[in-house]
**Q** 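Mind looking over this structure? Questions follow.
The structure presented is a predicted model; accordingly, all values stated were derived computationally and were not measured.
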Amino acid sequence: MVVDPIWCPWLCRRCSSSQQVLQAPSGPLRVDGTYASALYTASAKTSSLEPTDKALKALKATLAKDPKLVNILASPTLKAEDKKLVVAEISKAAGQDKTVKNLLEVLAENNRLGLVNDIIEKYGILMGAHRGEIETIITSAVQLDIKAMSRLETAISKSQFVGQGQKLKAINKVDPSIMGGLVVEIGDRTIDLSISSKMAKLNKLLTDAL
């Protein structure tokens with residue numbers, strides 16, 4: 001497992017050198033992914049994967065309600081004393097979860113509090129792999145109703161893209177720019193059935209014909 005050097009001291013202080021380091025399920029390891037992976041490993045060692053996941057979801061919900069707070073977290077000019085106040089405040093949203101609080105303190109020390117939402121997302125992906133879930137993102141021009149999502153989930157679950165024993169986790173994202181139709185992302189595959197994509201192909205054909 002690759003661990004961000006900035007993150008190493010935090011992790012090593014809490015893991016005995018005589019203990020085997022528990023590895024997170026494989027996944028993307030950009031900076032946010034590296035922090036998420038190290039958080040997963042630390043939580044696994046204390047058997048607190050689910051509590052940490054619950055704390056992160058609570059924190060995400062709090063941030064979603066306060067866009068100004070998100071902007072403050074992303075500010076590179078935030079003073080050290082202000083960072084401590086911010087960490088103390090958002091730690092309350094995470095239910096004072098010790099592992100999450102330690103993460104926030106390290107992010108504050110290294111001016112990376114702006115990565116919080118991305119780290120939460122990556123941790124969710126790791127937890128999905130831990131639970132045997134496979135995530136699919138269904139993008140539509142308007143919000144899909146429960147019935148439509150249920151039909152799509154059933155169809156995708158029976159497809160070759162979902163392995164035996166895997167649980168499908170479907171997420172509906174709205175993007176008016178696709179104009180209609182759907183874009184389905186599952187794993188590293190993308191199935192683009194959007195109207196915007198069809199129009200782009202038609203425009204290319206017309207342009208090439210001229």
Side-chain angles (χ1 to χ4, degrees), residues 22-30 32-33 35-37 39-41 43-44 47-67 69-70 90 93-95 97 99-100 103 115-204:
L22 301 178
Q23 298 225 355
S26 60
L29 285 179
R30 300 183 306 178
D32 51 358
Y35 276 98
S37 183
L39 177 63
Y40 179 97
T41 300
S43 297
S47 301
S48 59
L49 287 172
E50 294 295 343
T52 296
D53 187 45
K54 183 178 179 180
L56 289 175
K57 286 177 178 175
L59 176 56
K60 182 179 180 179
T62 297
L63 295 176
K65 295 176 184 176
D66 194 344
L69 180 56
V70 175
I90 60 179
D97 181 273
T99 309
V100 174
L103 166 68
L115 292 176
V116 168
N117 272 324
D118 292 332
I119 293 170
I120 293 173
E121 180 183 349
K122 295 299 187 299
Y123 186 89
I125 293 173
L126 292 173
M127 285 300 293
H130 169 71
R131 297 174 183 132
E133 296 174 346
I134 181 168
E135 184 176 277
T136 180
I137 298 174
I138 302 171
T139 303
S140 53
V142 296
Q143 190 76 37
L144 298 176
D145 60 31
I146 295 175
K147 190 174 181 180
M149 281 296 292
S150 179
R151 287 201 303 266
L152 287 167
E153 285 182 48
T154 299
I156 297 170
S157 294
K158 294 178 180 177
S159 73
Q160 60 181 322
F161 303 120
V162 180
Q164 186 175 5
Q166 288 184 312
K167 302 176 226 174
L168 186 68
K169 179 182 177 183
I171 298 171
N172 181 206
K173 289 191 175 180
V174 177
D175 181 2
S177 70
I178 71 170
M179 302 171 70
L182 299 170
V183 177
V184 179
E185 299 171 71
I186 181 165
D188 58 355
R189 303 174 181 87
T190 299
I191 304 168
D192 192 344
L193 303 173
S194 65
I195 291 178
S196 60
S197 174
K198 291 177 181 178
M199 289 182 66
K201 290 176 183 177
L202 178 59
N203 286 336
K204 187 177 185 305

**Q** Hey, what do you get for CD1 (I146) to CZ (R151), rounding to the nearest 0.5 Å?
**A**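 Going from CD1 on I146 over to CZ on R151, the span is 12.5 Å.
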**Q** Please check: side-chain N/O of S48 versus main-chain N/O of S43, any donor-acceptor pairing under 3.5 Å?
**A** yes
**Q** Would you check if L63 and L59 make a side-chain contact, meaning some heavy-atom pair closer than 4.5 Å?
**A** yes
**Q** Once you round to the nearest 0.5 Å, how far does CG of L115 lie from CZ of R30?
**A**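 The CZ atom of R30 is 9.5 Å from CG of L115, to the nearest 0.5 Å.
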**Q** Is it true that a side-chain atom of T154 and a backbone atom of S150 form a donor plus acceptor pair closer than 3.5 Å?
**A** yes
**Q** Taking the side chain as everything from C-beta on, heavy atoms only, tell me whether L193 gets closer than 4.5 Å to V184.
**A**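 The answer is no; the side chains never approach within 4.5 Å.
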**Q** Taking NZ, NE, NH1 and NH2 as the nitrogens, is one of them in K167 or E153 under 4.0 Å from a carboxylate oxygen of the other?
**A** no
**Q** Assess the residue pair L49 and Y123 against the criterion (side chain to side chain contact (heavy atoms under 4.5 Å, CB included)); give the C-alpha distance rounded to whole Å, side-chain angles, the decisive distance to 0.1 Å, and a yes or no.
**A** CA-CA 10 Å; L49 287 172; Y123 186 89; 3.6 Å; yes
**Q** For V183 versus S194, what's the shortest heavy-atom pair and its separation?
**A** CG2-CB, 3.9 Å
**Q** Can you see which heavy atom on S177 is nearest to which on S196, and at what distance?
**A** O-CB, 3.6 Å
**Q** For A93 versus A58, what's the shortest heavy-atom pair and its separation?
**A** O-CB, 3.2 Å
**Q** Atom CD1 in I195, atom CG in L182: separation rounded to 0.5 Å?
**A** 10.0 Å
**Q** Quick one: are V162 and I186 in side-chain contact, heavy atoms under 4.5 Å?
**A** yes
**Q** Any ion pair linking D145 and K147 (charged N to carboxylate O, less than 4.0 Å)?
**A**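 Not counted as a salt bridge, because no side-chain N and carboxylate O are separated by less than 4.0 Å.
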**Q** If every non-hydrogen atom of I178 is compared with every non-hydrogen atom of G181, which pair is closest and at what distance?
**A**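 Looks like CD1-O, 3.8 Å.
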**Q** Counting only N and O atoms by type, is there a donor-acceptor contact under 3.5 Å from the side chain of N172 to the main-chain atoms of L144?
**A**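 Indeed, once roles are kept as given, a pair shorter than 3.5 Å links the two residues.
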**Q** Before accepting this row, confirm whether a basic side-chain N of the pair D192/K201 lies closer than 4.0 Å to the acidic partner's carboxylate O.
**A**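 No, D192 and K201 are not salt-bridged.
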**Q** Check A141 against M179 and note the closest heavy-atom contact, atom names and distance.
**A**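 The answer is CB-C, 3.9 Å.
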**Q** Excluding sequence neighbours, so at least two apart, what forms salt bridge (charged side-chain N to carboxylate O under 4.0 Å, His left out) with K204?
**A**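 K204 satisfies salt bridge (charged side-chain N to carboxylate O under 4.0 Å, His left out) with D208 only.
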**Q** Please identify which of these residues, K169, Q166, E50, meets the side-chain contact (heavy atoms from CB on, under 4.5 Å) condition with R131.
**A** E50
**Q** Parallel, tilted or perpendicular for Y40 and H130, by the 30°/60° rule?
**A** perpendicular
**Q** What I want to find out is whether K57 reaches D53 closely enough, with some N-O distance under 4.0 Å, to be called a salt bridge.
**A**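 D53 and K57: salt-bridged.
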**Q** State, yes or no, whether a side-chain contact exists between M149 and Q143 at a heavy-atom distance under 4.5 Å.
**A** no
**Q** Rounded to the nearest 0.5 Å, how far does CD1 of I134 lie from OG of S157?
**A** 9.5 Å
**Q** Step by step, work out the side chain to side chain contact (heavy atoms under 4.5 Å, CB included) result for L39 and L56.
**A** CA-CA 11 Å; L39 177 63; L56 289 175; 3.8 Å; yes
**Q** Give me the atom names and distance for the closest heavy-atom approach of A55 to D97.
**A** CB-CB, 3.7 Å
**Q** State, yes or no, whether a side-chain contact exists between L152 and T136 at a heavy-atom distance under 4.5 Å.
**A**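 No; the side chains remain at least 4.5 Å from each other.
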**Q** Mind checking the OG1-CD1 spacing from T52 to I120? Nearest 0.5 Å is all I need.
**A**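 T52 OG1 to I120 CD1: 11.5 Å, rounded to 0.5 Å.
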**Q** Using 0.5 Å steps for rounding, measure from the CE atom of M127 to the CD atom of E133.
**A**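 M127 atom CE to E133 atom CD measures 8.5 Å (nearest 0.5 Å).
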